[in-house]
Amino acid sequence: QVQLVESGGGSVQPGGSLRLSCAASGSTYSPYCMGWFRQAPGKEREGVATINNSGNKKYAESVKGRFTISQDNAKNTLYLQMNSLKPEDTAVYYCAADWRLLGGYCYMGREFTYWGQGTQVTVSS
């Protein structure tokens with residue numbers, strides 16, 4: 001069974017930085033598509049960023065220039081470097097992974113099979 005284990009969440013002041021990690025286990029091969037999502041109280045879950053196994057990245061407009069998604073395939077670990085954090089970034093952040101090609105598409109709107117437990121990110125003064 002695939003398991004995603006997240007770490008790195010916490011509280012930070014506006015303008016600060018956090019680095020989230022998501023370690024994937026249970027498969028010999030790296031996922032084809034991985035992503036970060038977030039959900040604030042009372043709001044729907046939204047995509048933050050995705051990356052495929054070729055390193056192609058996509059970002060939500062709200063985080064472009066501030067967040068960077070990356071992966072270490074040797075460790076089967078996904079990262080999200082978050083800089084210049086804003087209060088509106090406050091949410092539970094989830095990582096997701098999928099080993100299915102689904103026609104070769106890796107984007108935030110696709111269906112992901114596996115999800116992490118979520119980690120809280122709070123940005124406040």
Closest contact, heavy atoms only, [X] versus [Y]:
X: I69; Y: M34; result: CD1-O, 4.3 Å
X: G35; Y: F112; result: N-CE2, 4.1 Å
X: A60; Y: G47; result: CB-O, 3.4 Å
X: Y94; Y: Q117; result: CE2-O, 3.7 Å
X: L4; Y: A24; result: CD2-CB, 3.5 Å

About how many Å separate [atom2] of [Y] and [atom1] of [X], when rounded to the nearest 0.5 Å?
X: K86; Y: S62; atom1: NZ; atom2: OG; answer: 8.0 Å
X: C22; Y: Q3; atom1: SG; atom2: CD; answer: 10.0 Å
X: L20; Y: S7; atom1: CG; atom2: OG; answer: 8.0 Å
X: S124; Y: L85; atom1: OG; atom2: CG; answer: 11.0 Å

(message) V63 and side chain to side chain contact (heavy atoms under 4.5 Å, CB included): which single residue from L80, T68, V48 fits?
(response)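 The residue from L80, T68, V48 that satisfies side chain to side chain contact (heavy atoms under 4.5 Å, CB included) with V63 turns out to be V48.
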(message) Please tell me whether N53 and S30 have a donor and an acceptor in their side chains that are separated by less than 3.5 angstrom.
(response)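 No.
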(message) Hydrogens and angles aside, do N83 and S17 bring a side-chain donor and acceptor to less than 3.5 Å of each other?
(response)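 Looking only at side-chain atoms, S17 and N83 do form a donor-acceptor pair, the distance falling under 3.5 Å.
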Taking [X] for the side chain and [Y] for the main chain, is one N or O donor matched with an acceptor at less than 3.5 Å?
X: N52; Y: G55; result: yes
X: T90; Y: E88; result: no
X: Y93; Y: E6; result: no
X: K58; Y: C106; result: yes
X: Y59; Y: T50; result: no
X: D98; Y: C33; result: no

(message) According to a hydrophobic-cluster definition based on side-chain heavy atoms being under 4.5 Å apart (Ile, Leu, Val, Met, Phe, Trp, Tyr only), do F37 and V92 belong together?
(response)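 Yes, F37 connects to V92 through the hydrophobic network.
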(message) Please determine whether the number of non-hydrogen atoms from other residues, nucleotides or ligands lying under 6.0 Å from atom NZ of K75 exceeds 12.
(response)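 At most 12 heavy atoms, drawn from other residues, nucleotides or ligands, come within 6.0 Å of this atom.
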(message) Suppose we screen for side chain to side chain donor-acceptor pair (under 3.5 Å). Which residues come up paired with D89, at least two apart in sequence or across chains?
(response)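 With neighbours one apart ignored, the set is R38, R66.
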(request) Could you check whether the rings of Y114 and W99 sit parallel, tilted or perpendicular, using 30° and 60° as the cut-offs? (result)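 Ring orientation of Y114 relative to W99: perpendicular.
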(message) Under the criterion side-chain contact (heavy atoms from CB on, under 4.5 Å), I'd like the reasoning laid out for L78 against I51: C-alpha separation, chi angles, the key distance, then a yes or no.
(response) CA-CA 9 Å; L78 179 73; I51 184 170; 3.6 Å; yes
(request) May I ask you to test the L18-V121 pair for a side-chain heavy-atom distance under 4.5 Å? (result)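 Of all side-chain heavy-atom pairs linking V121 with L18, at least one is under 4.5 Å.
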(message) Quick one, R110 and R100 - any side-chain contact, counting heavy atoms below 4.5 Å?
(response)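 Heavy-atom side-chain distance check passes, below 4.5 Å.
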(request) Tell me, please, which residues at least two apart from R19 pass side-chain contact (heavy atoms from CB on, under 4.5 Å). (result)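 Y79, Q81.
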(message) Are W36 and F67 an aromatic pair, judged by ring center distance below 6.0 Å?
(response)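 So the answer is no for these two rings.
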